[in-house]
Amino acid sequence: ADSDDQLNDNLQQDGTCADVHAPLLSAESCYHDNSNHDNRATFRLEEAVEFMGFGRFQIMMIFFMGMFSMVFVGMLIFSLPFGSLADRRGRWPVLWMSAFGVSYFGFLTTFSPTYMWVLVLRTLVGVSFAASPQGNTLLMEFLPSKFRAKVAVTFQLFWAAGSTLEIMLAYLVVPTLGWRYLVAFSCVPMTVVLLLYRFIPESARYCLAAGQRGKAMGVLNRIARMNRTTLPPGTLVKSAEAPRGTLKELTHRKYRRTLLQDMLLWCGVGCLYYGIILVSSEITKSKQSCWDVDPLPQGNDTCACKPLTRKDYTTMIVATYGEFLQLPINLVLVDLIGRKFTLGVNLAVVAGFYLLLNLCTTPAWVTFFVFGIRAFSAGSMNLVYLYTTEFFPTTVRALAIGTCSAVARLGAMLTPFVAQVLLNQSLSHALYVYTGIALVCSLTAFLLPYDTKGRALVDTSLEGNDEET
């Protein structure tokens with residue numbers, strides 16, 4: 001830390017870049033402006049991010065992190081340790097391991113000789129993908145506060161676009177070349193990200209929290225150069241020292257209540273989002289009596305493996321479009337009424353749509369209700385990401401995201417018991433369960449003790465964001 005301080009002092013005195021701790025930054029990336037330099041002035045990292053604003057650097061980060069959004073057992077087990085590792089060793093190496101693992105094990109799946117090998121390799125893909133939520137952490141740490149919510153909401157476009165493109169790719173590839181080629185082609189985007197990874201810097205917030213002030217200055221200089229702006233005049237102030245990536249710090253009394261509520265929200269939203277994906281086709285079958293359509297004959301064929309038809313692919317694409325519907329609404333609400341109230345409203349709407357699915361109505365209305373659930377449950381997922389990122393400090397932010405992501409996978413793993421098992425006994429009972437989950441989560445969101453709207457990101461538990469104030 002002392003050597004970093006000396007390095008930063010030298011950098012500010014002579015205007016040159018000597019950041020030996022930032023090998024990812026090229027010589028051209030080092031930028032310094034002495035025109036308004038004042039040796040007596042200081043600035044915090046949050047002030048530097050706000051001062052430089054939103055520009056080409058943030059657009060580049062949105063693109064790269066969005067590619068991560070394009071297997072649940074591995075994610076459930078490894079989300080928490082990857083989160084701790086990201087707080088202790090940095091966001092960049094964890095995300096690099098994730099990109100490499102997803103590409104490598106995904107490509108190996110194409111050569112699986114047996115179904116057991118498919119399970120093993122896809123589990124390893126899940127293990128690698130468990131670190132992917134840290135891409136959201138890295139992106140949010142580079143955004144000025146007034147753009148943070150807008151970017152978080154529109155970030156859903158990458159997930160929805162990736163889902164749509166994957167379905168279209170499956171429609172073109174599976175019937176002619178088979179599933180192995182689909183898996184191979186699906187690895188291409190992550191492989192491209194891996195090759196371009198040298199353009200992604202480490203989080204300046206992590207560097208400062210880790211005592212690497214010189215490296216943090218190198219990253220900030222690069223942002224200033226790409227955004228064609230300057231750093232604030234003065235010297236970058238170091239963060240207070242605090243343990244990084246520890247459960248003790250995460251469960252600090254300032255965050256304990258919010259952490260428990262946050263985990264409940266993540267679990268519920270995971271259950272609701274993946275639940276509507278699973279129940280959509282079952283709802284269609286169950287509603288046939290309302291539409292004067294005879295049930296499909298069962299016959300004597302016991303094989304449950306049926307090739308998807310063109311109509312099936314079209315239905316999946318149309319259902320994915322539902323995730324775009326909430327974007328304009330949440331873009332307005334998230335900065336108007338705040339994060340927790342927008343999340344509560346989204347979950348209340350999801351509960352209402354699940355309840356309305358009990359009605360015996362036309363196919364058009366059923367499709368509209370399913371669209372609504374898909375849209376606002378996806379919006380809820382984005383909002384819990386945003387709230388968690390903004391509430392917890394840099395020293396445990398990645399661990400908080402990893403912990404909550406693991407809980408969300410648990411919710412996703414539990415939802416088939418409702419969407420498949422209970423629904424086969426009673427559609428209404430299954431829908432009532434989902435309605436209850438959405439209502440409980442909505443109430444939990446409204447009761448969050450702290451709204452992060454307009455708040456600066458903090459670096460340690462010694463700074464603001466006390467849930468009791």
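Both backbone and side-chain heavy atoms feed into the values below; hydrogens, waters and symmetry mates do not.
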Check whether [X] reaches the backbone of [Y] with its side chain - one donor and one acceptor, N or O, closer than 3.5 Å.
X    : Y    : value
R409 : S405 : yes
T176 : L172 : yes
S103 : A99  : yes
S442 : G344 : yes
S203 : Y206 : yes
D459 : T394 : no
D87  : R244 : no
R213 : L208 : no

Flag if over 12 foreign heavy atoms under 6.0 Å of CZ, F54
yes

Quick check: are there more than 12 heavy atoms from other residues, nucleotides or ligands sitting under 6.0 Å from CZ of F147?
yes

Should V458 and F392 be marked as a side chain to side chain contact (heavy atoms under 4.5 Å, CB included) after you check the CA-CA gap, both sets of side-chain angles, and the distance that decides it?
CA-CA 7 Å; V458 298; F392 291 96; over 6 Å; no

Are the side chains of [Y] and [X] in contact, using a 4.5 Å heavy-atom criterion?
X    : Y    : value
V370 : F353 : no
M97  : S128 : no
W179 : T109 : yes
I200 : L138 : yes
L220 : F51  : no
V350 : R374 : no
E50  : S145 : yes
F417 : L422 : no

Inter-residue atom distance [X].[atom1] - [Y].[atom2], 0.5 Å rounding:
X    : Y    : atom1 : atom2 : result
N330 : S380 : CG    : OG    : 7.5 Å
D262 : T388 : CG    : OG1   : 3.5 Å
S112 : L121 : OG    : CG    : 4.5 Å
L108 : R122 : CG    : CZ    : 10.5 Å
R225 : L231 : CZ    : CG    : 13.5 Å
L260 : R256 : CG    : CZ    : 9.0 Å

Can you sort out the partners of F142 under ring pair (Phe, Tyr, Trp, His ring centres under 6.0 Å), two or more places apart, ordered by chain and number?
F57

I'd like to check the ring pair (Phe, Tyr, Trp, His ring centres under 6.0 Å) partners of F100; sequence neighbours left out, ordered by chain and number.
W96, Y104

Salt bridge (charged side-chain N to carboxylate O under 4.0 Å, His left out) contacts touching residues 379-389 (sequence neighbours left out):
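Matches after skipping sequence neighbours: none remain.
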
Give me each pair satisfying salt bridge (charged side-chain N to carboxylate O under 4.0 Å, His left out) with a member in residues 124-141, each pair once, sequence neighbours excluded.
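Output for this query lists R91-E141, E141-R397.
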
Taking only residues two or more places apart in sequence, or in another chain, which ones meet T114 in a side chain to side chain contact (heavy atoms under 4.5 Å, CB included)?
M116, W117

Identify, with sequence neighbours excluded, every residue that meets side chain to side chain contact (heavy atoms under 4.5 Å, CB included) alongside V173.
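Expected list: L169, L177, Y181, L182, F185.
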
Distance-minimising heavy-atom pair for A216 and L236:
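Minimum heavy-atom separation between A216 and L236: CB-CD2, 4.2 Å.
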
Between T415 and Y434, is any side-chain donor less than 3.5 angstrom from a side-chain acceptor?
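T415 vs Y434: donor-acceptor pair found between side chains.
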
Ion pair check, E390 and R148, cut-off under 4.0 Å:
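Yes.
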
Residues D335 and K453 bridged, charged N to O under 4.0 Å:
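Not counted as a salt bridge, because no side-chain N and carboxylate O are separated by less than 4.0 Å.
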
Decide yes or no on side chain to side chain donor-acceptor pair (under 3.5 Å) for T246 and E249, but give the supporting numbers first.
CA-CA 5 Å; T246 64; E249 184 75 2; 5.1 Å; no

Would a line drawn from the ring center of W92 to the ring center of Y197 be shorter than 6.0 Å?
yes

Look at the rings of F391 and Y387 and say which category their plane angle falls in: under 30° parallel, 30 to 60° tilted, over 60° perpendicular.
parallel

Begin with the C-alpha distance, continue with both residues' side-chain angles, and end with the deciding distance and a verdict on side chain to side chain contact (heavy atoms under 4.5 Å, CB included) for L383 and T342.
CA-CA 8 Å; L383 291 167; T342 304; 3.8 Å; yes

For F376 and V345, what are the C-alpha separation, side-chain angles and deciding distance, and is it a side chain to side chain contact (heavy atoms under 4.5 Å, CB included)?
CA-CA 9 Å; F376 288 96; V345 168; over 6 Å; no

Evaluate L343 against L265 for side chain to side chain contact (heavy atoms under 4.5 Å, CB included), listing each step before the verdict.
CA-CA 10 Å; L343 176 58; L265 287 169; 3.9 Å; yes

